[in-house]
Amino acid sequence: MDKELEKQYYYIAKAREIVKEKSEALGRPLTAGIVTMGCQMNARDSEKLNGILTAVGYEVTGKEDADLVVYNTCTVRENANNKVYGHLGYLQNYKKHNPEMKIAMCGCMMQEPAVVEKIRESYRFVDLIFGTHNLYKFAELLVQMLESDQMVIDVWEEAGSVVESLPTKRKYSFKTGVNIMFGCNNFCSYCIVPYVRGRERSREPQEILSEIKAYAEDGVCEVMLLGQNVNSYGKTLENPVSFANLLQQVTEIDGIERIRFMTSHPKDLSDELIGVMAGSDKICRHLHLPLQSGSTRILKDMNRRYTKESYLALVDRIRNAMPDIALTTDIIVGYPGETEEDFMETMDVVRRVEYDSAFTFIYSKRTGTPAAKRTDQVPKEEVDRHFAMLLSEVQEAGARRAKRLEGSIGKVLVEQINRQDAGLVTGRLENNSVVHFPGGSDLIGQIVPVYLKECKGFYYIGEMR
Ligand code: SAH
Ligand code: SF4
Ligand code: F3S
């Protein structure tokens, strides 16, 4: 076994002893809550945190009034940061009522020195701070935290070796995310991710494939391959492998019925990938293809390395190969220097593509990124007006697209008993849309055909066939 991995297993055993002692003294199990913000990467990281917490003997609940709360933070936009400070405010209260309580903070926000400084100065009741590059050391850091009264801070500026194969606990028994690469080299001018997640690193295909095989044997039927730009997967490996090739190999794993991936950068989406997708019915007919802007001028400034025309041509190639594919996207409104004309180009792309759904974001200035130095910020009233126009356009298109499936039969992976009505189950179509239909818990984790009786805007009411 890898030396570092061996060390972490030693700390897992050590943390387990400390947790056991504490819970014996208290006469009850110790509880832990993980609060996850941000993207699928963080969701996956939280499964790793959960795996370690469970292995050391914590009872992991979703609650924030636990003996240990872990905040897995996001910093992609300013409001993500503000949310964290808001939570910390009321956590201080919980801590007053439970002297045993510990607070740990990790994730992308902790990779920013100014954030760590602020917590160190103004939120002295936080017990542990660590970053994205040393998450695998969580057990070791837990031991340090449990043995000390001081705030423990361990944040690395750069990524070390990739340490995988520690315990993980999946949120769902039947589906999971799988990291195929970490970090990002694209440096889009507005984006903080390359600074907080480090340089692009791909995992060896054999490691990824054996991880997925083990999941399949353990009952997983859906995997989501994760990376900030999966289309550049494998380019820097000693023996380069394309993403399309990796994907093809994943389709060959028995027991894996559905494959998704996130995120696809339009600049490197190859025809080879389109071919592999079109040729396999295990790969979901869904592609998330972030546009960001429809203006070639703005795209250039954003360092996205595609144009309005090349994006539209790509959409055509994808739809020619897979006419039924669902397309979703991300769009930023109010990028510095964005004019009325630029915004209209975005609206034009949105109208032409007719996305199944779109995440729309107001540009948020991230200190340290090139765009933050720009002085030509768009006035708030104009941003708000554009944002409202864009939102209503994408919502109308989404509703039209959703309506088209009404009356057809779709394959649904059943996820859970419906939260409002225990006679219903809730699951997802290949295009990720939610469907509710009559059924029981025996269906959870199964993929079943469902007649989509009624479209209710963004979800469906169905009947099993
Ligand atoms: N790697 C993915 C995106 C990850 S961040 C990609 O390249 O597509 C998710 C989304 O957040 C981005 O697609 C972008 O639309 C949005 N985003 C990133 N930085 C932002 C900023 N500074 N302001 C507003 N939205 C931002
Ligand atoms: Fe950010 Fe661009 Fe990398 Fe996506 S590709 S994470 S938007 S820098
Ligand atoms: Fe946020 Fe980090 Fe993801 S900044 S969007 S959680 S990579």
Side-chain angles (χ1 to χ4, degrees), residues 39 75-79 184-195 200 228-232 262-271 274 287-319 327-398:
C39 66
T75 188
V76 79
R77 286 171 292 275
E78 186 67 35
N79 53 7
C184 182
N185 282 354
N186 288 315
F187 291 95
C188 300
S189 63
Y190 50 82
C191 184
I192 192 107
V193 171
Y195 306 88
E200 191 177 292
Q228 290 299 350
N229 175 13
V230 293
N231 297 332
S232 69
M262 278 268 249
T263 297
S264 253
H265 194 304
K267 80 176 161 71
D268 331 279
L269 200 152
S270 66
D271 287 339
I274 299 176
L287 197 56
H288 186 65
L289 198 60
L291 170 68
Q292 314 301 2
S293 168
S295 155
T296 296
R297 193 182 75 85
I298 295 288
L299 285 170
K300 184 150 196 280
D301 205 277
M302 285 177 161
N303 194 28
R304 290 290 289 179
R305 285 170 278 176
Y306 52 89
T307 62
K308 177 187 182 185
E309 290 70 30
S310 68
Y311 184 95
L312 288 170
L314 176 61
V315 167
D316 281 345
R317 286 207 297 284
I318 295 166
R319 285 223 168 113
L327 289 178
T328 57
T329 199
D330 293 345
I331 299 168
I332 298 175
V333 176
Y335 180 83
E338 186 182 63
T339 63
E340 190 70 24
E341 223 179 349
D342 293 320
F343 174 71
M344 284 307 160
E345 298 275 16
T346 299
M347 289 291 275
D348 186 42
V349 175
V350 167
R351 285 191 191 113
R352 291 207 212 179
V353 176
E354 243 203 347
Y355 292 103
D356 289 76
S357 80
F359 294 104
T360 50
F361 304 110
I362 289 180
Y363 169 74
S364 172
K365 185 171 158 181
R366 307 316 287 137
T367 307
T369 63
K373 296 191 191 81
R374 302 271 302 249
T375 50
D376 47 353
Q377 303 286 329
V378 183
K380 188 178 178 305
E381 311 81 75
E382 198 169 315
V383 175
D384 289 347
R385 182 171 59 82
H386 285 164
F387 188 79
M389 279 169 75
L390 180 66
L391 194 62
S392 88
E393 189 69 38
V394 299
Q395 283 177 344
E396 279 168 29

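All values reported here derive from a predicted model rather than from experimental measurement.
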**OP:** For the pair Val394 and Ser357, evaluate side chain to side chain contact (heavy atoms under 4.5 Å, CB included) and give the outcome as yes or no after the intermediate values.
**Re:** CA-CA 7 Å; Val394 299; Ser357 80; over 6 Å; no

**OP:** Report the C-alpha distance between Leu269 and Arg317 in whole Å, list the side-chain angles of each, state the deciding distance to 0.1 Å, and finish with yes or no for side chain to side chain contact (heavy atoms under 4.5 Å, CB included).
**Re:** CA-CA 11 Å; Leu269 200 152; Arg317 286 207 297 284; over 6 Å; no

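Between Phe187 and Tyr195, the ring center distance clears the sub-6.0 Å criterion.
Between Tyr311 and Tyr306, the angle of the ring planes lies from 30° to 60°, which puts this pair in the tilted group.
Within the 4.5 Å cutoff, the side chain of Cys184 has no heavy atoms near those of the Glu200 side chain. A 4.5 Å side-chain heavy-atom check between Leu312 and Val349 finds at least one atom pair inside the cut-off. Asn185 has its side chain out of reach of Pro194: every pair of non-hydrogen atoms, C-beta onward, lies at least 4.5 Å apart. Under the 4.5 Å side-chain criterion, counting only non-hydrogen atoms from C-beta, Thr296 is not in contact with Glu345. A 4.5 Å side-chain heavy-atom check between Val353 and Arg319 finds at least one atom pair inside the cut-off. At a threshold of 4.5 Å between non-hydrogen side-chain atoms, the residues Asp330 and His288 count as touching. Within the 4.5 Å cutoff, the side chain of Arg304 has heavy atoms near those of the Cys188 side chain. Put simply, the side chain of Arg77 does not reach to within 4.5 Å of the side chain of Tyr190, judged on heavy atoms.
Judged by distance alone, with hydrogens and angles left aside, the side-chain atoms of Asp384 form no donor-acceptor pair with the main-chain N or O of Glu381 at under 3.5 Å. Proximity of a side-chain donor or acceptor of Tyr363 to a complementary backbone N or O of Val383 within less than 3.5 Å is not detected. Of the possible donor and acceptor atoms, none in the side chain of Thr360 sits under 3.5 Å from a partner among the backbone N and O of Leu391. Between the side chain of Thr346 and the main chain of Ser293, no donor-acceptor pair closer than 3.5 Å is present. Side-chain N or O atoms of Arg366 include one that pairs as donor or acceptor with a backbone N or O of Thr75 at under 3.5 Å. With Asp356 contributing its side chain and Leu327 its backbone, the two residues share a donor-acceptor pair below 3.5 Å.
Summarising the geometry, atom CD belonging to Glu338 is positioned 7.5 Å from atom OG belonging to Ser295; distances are rounded to the nearest 0.5 Å. Note that NZ of Lys300 and CZ of Arg305 are 12.0 Å apart. Values are rounded to the nearest 0.5 Å. The distance from the CD1 atom of Ile331 to the CZ atom of Phe361 is 10.0 Å, given to the nearest 0.5 Å. Between the CD1 atom in Ile298 and the OG atom in Ser189 there is a gap of 9.0 Å [rounded to 0.5 Å]. Taking CE of Met302 as the reference point, atom CZ of Arg297 lies at 11.0 Å (rounded to 0.5 Å). Separation of atoms NZ (Lys308) and CG (Leu291) is listed at 10.0 Å; rounding is to 0.5 Å.
Screening Asn229, Asn186, Asn231 for a side chain to side chain donor-acceptor pair (under 3.5 Å) with Asp268, the sole residue that qualifies is Asn229.
Under a cut-off of 6.0 angstrom, the local environment of CD in Glu340 is crowded, with over 12 non-hydrogen atoms contributed by other residues, nucleotides or ligands.
Annotation: side chain to side chain contact (heavy atoms under 4.5 Å, CB included) contacts of Arg351 (sequence neighbours excluded): Met347, Glu393.
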